[in-house]
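What follows is a single structure, written as C-alpha cells, with notes after it.
Per chain, numbering begins at 1; letters A, B, ... match sequence-line order. All heavy atoms count here, side chains included; hydrogens, waters and symmetry mates do not.
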2 protein chains.
Amino acid sequence: MQDECTVNQTVKYLGRKWTLLIILELYKGDGYTRRFTEVKERLPGITAKVLSARLKELEEEGLVEKKIEAGSVPIRSEYTLTGSGLEMVEVIKGIKQWALRWKVENIACGAQDCRSCVL
Amino acid sequence: MQDECTVNQTVKYLGRKWTLLIILELYKGDGYTRRFTEVKERLPGITAKVLSARLKELEEEGLVEKKIEAGSVPIRSEYTLTGSGLEMVEVIKGIKQWALRWKVENIACGAQDCRSCVL
DNA sequence: CAGAATCCCCTCAGATACTG
DNA sequence: CAGTATCTGAGGGGATTCTG
C-alpha cells in the first residue's frame, strides 16, 4: 500500500548509519547550522566520505540546506536544517526517548557527558 | 560510549528493510498478534527468510514475543507486540506523519513539501 | 577546509530449494 | 505451516590517498 511504501522509502536513507546523528548535530548548532568539519569533529569515527555522502542525501531529500560562502579561501560551507529537518528532530527525540526507556543498558551514558538527557 | 550510540544502535536493526512494516502489521492484528504466514501475506514481496530474520531480531530486542502453540500440527506460531513494541508504534506513527507531510506528493495542491495538507 | 577518488571487505536481502 | 540452507549480486561503509 501507499503509506507502507512511504515508511520504507523514508527509512531507506534515514536508517543509514550516522544519518540521524548528523541531523542531531546540525540541530545543536547555532541556527541549526554547522560546518563540515564541525560535524566531523563532533562525530568521532565518521569519515569525510561518509559524512559527505549523508549530507548530500539529506540535501536531496530536503532536510538540509547547503550554503557555500562565496570567495572564501579556504572554502567554508554550511549546512542548515530545513523545516522538514527540524520536524525530523522531533521524531529522533521520540526514538531516543524510547531507547532510554527500554534499553536500560545505556547506563554508560550517565557516566559520561550525555546529551540525550538534555534533549 | 554515549547517547549517540543509543540512536545508532537502535537504528541499526530498526532501519533495516521491512522491520517497521512488520511491527505495523503486528499492531494491526487482534491483540497486536499475528501469525507468520499472516504477516507474510500482508507484506507482498517479503521472503520467508527475511521475515524470519527480522522477527528473530525483534524478539531478541524485546519488541516482539513469540509463542508456539504446543501440540499443533501443522505448527502454529504467534508473534505479539510487547510493551516496548507498542511504544515503538508511536514512533513509527511519527515517521509516517512526517513522511505524509513532507514527502508524499499531495494531489490537492500538486506540491511536494506541502505543510497545509495534513492527513 | 571540504571534499572526491579508489580500493576492498562485509552485510543485507532476493531467489531458490528443502524440511519437520 | 513455519521455517532453514545455500548461493549470489548489490551496495554500504571503513581506510587511505589526493586536491582545488
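Residue whose closest nucleotide on DNA chain D sits further toward the 5' end, between B:Tyr79 and A:Glu57: B:Tyr79. Where A:Ala53 and B:Gly15 each meet DNA chain C at their nearest nucleotide, the meeting point lying more 5' is that of A:Ala53.
The interatomic distance linking A:Ile68 (CD1) with D:dG20 (P) rounds to 16 Å, in whole Å. If you measure from atom NZ of A:Lys67 to atom P of C:dA2, you get 15 Å, rounded to the nearest angstrom. Atom CD of B:Glu38 and atom P of D:dG3 are 13 Å apart (whole Å). Protein atom CG of A:Leu14 is 16 Å distant from nucleotide atom C1' of D:dG12, rounded to whole Å. Summarising the geometry, the separation between CD1 on B:Ile46 and C1' on C:dT16 is reported as 17 Å, rounded to the nearest angstrom. In this structure, A:Arg54 places its CZ atom 15 Å from C1' of C:dG3, rounding to the nearest Å. Atom C1' of nucleotide C:dC12 and atom OH of B:Tyr13 are separated by 18 Å, given to the nearest angstrom. Rounded to whole Å, atom P of D:dG3 lies 8 Å from atom CG of B:Leu55.
As judged by a 4.0 angstrom heavy-atom cut-off over every strand, A:Lys12 is placed among residues making no nucleic acid contact.
Closest of all the heavy-atom pairs between A:Val11 and B:Gly15 is CG1-O, 3.3 Å. Between B:Thr19 and B:Leu14, the shortest heavy-atom distance links the atoms CB-O, 3.8 Å. In terms of heavy atoms, B:Leu26 sits closest to B:Tyr79 at CD2-O, 3.6 Å. For the pair B:Val39 and B:Arg34, the tightest heavy-atom approach, listed with the atom from each and the gap, is CG2-CB, 3.6 Å. Considering all non-hydrogen atoms of both residues, A:Phe36 and A:Leu51 come closest at O-CD2, 3.6 Å.
Donor-acceptor pairing under 3.5 Å, judged by distance alone, is absent between the side chain of A:Lys49 and the base of C:dA4. Side-chain atoms of A:Lys17 and base atoms of D:dG12 include no donor and acceptor less than 3.5 Å apart.
Using a distance-only test at 3.5 Å, with no hydrogens or angles considered, a donor-acceptor pair links the side chain of B:Ser84 to the main chain of B:Gly62. Under the 3.5 Å distance criterion, the side-chain polar atoms of A:Thr33 are matched with a main-chain donor or acceptor of A:Gly31. B:Thr82 places a side-chain N or O within donor-acceptor distance of the main-chain N or O of B:Leu63, the cut-off being under 3.5 Å.
Of the side-chain N and O atoms in A:Trp18, one or more sit less than 4.0 angstrom from OP1 or OP2 of D:dG14. Phosphate contact (OP1/OP2 of C:dA4, side-chain N/O of A:Ser52, threshold under 4.0 Å): present. Within the 4.0 Å cut-off from OP1 or OP2 of C:dA4, at least one side-chain nitrogen or oxygen of A:Lys56 is found. In this structure, A:Ser77 does not reach the C:dC1 phosphate: none of its side-chain N or O atoms is under 4.0 Å from OP1 or OP2. Distances shown here put every side-chain N or O of A:Arg35 at or beyond 4.0 Å from the OP1 or OP2 atom of C:dC1.
None of A:Leu20, A:Val91, A:Leu24 except one satisfies the side chain to side chain contact (heavy atoms under 4.5 Å, CB included) rule with A:Lys96; the exception is A:Leu24.
Aromatic ring orientation, B:Tyr27 versus B:Tyr32: parallel (interplanar angle below 30°, classes split at 30° and 60°).
Residue B:Thr47 has its side chain nearest to C:dG14 when only C:dA2, C:dG14, C:dG3 are considered. Closest to the side chain of A:Phe36, from the set C:dG14, C:dA2, D:dG14, is C:dA2. Among the nucleotides D:dG14, C:dG3, C:dC12, the one closest to the side chain of B:Arg16 is C:dC12.
Each end of the helix from C:dC1-D:dG20 to C:dG20-D:dC1 yields a helix axis from five base pairs, and these two axes differ in direction by 50° (to the nearest 10 degrees).
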Any N/O pairs under 3.5 Å between the protein and nucleotides 17-20 of chain C? List them or say none.
none

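Residues B:Trp98 and B:Lys103 are in side-chain contact: their nearest non-hydrogen atoms beyond the backbone lie under 4.5 Å apart.
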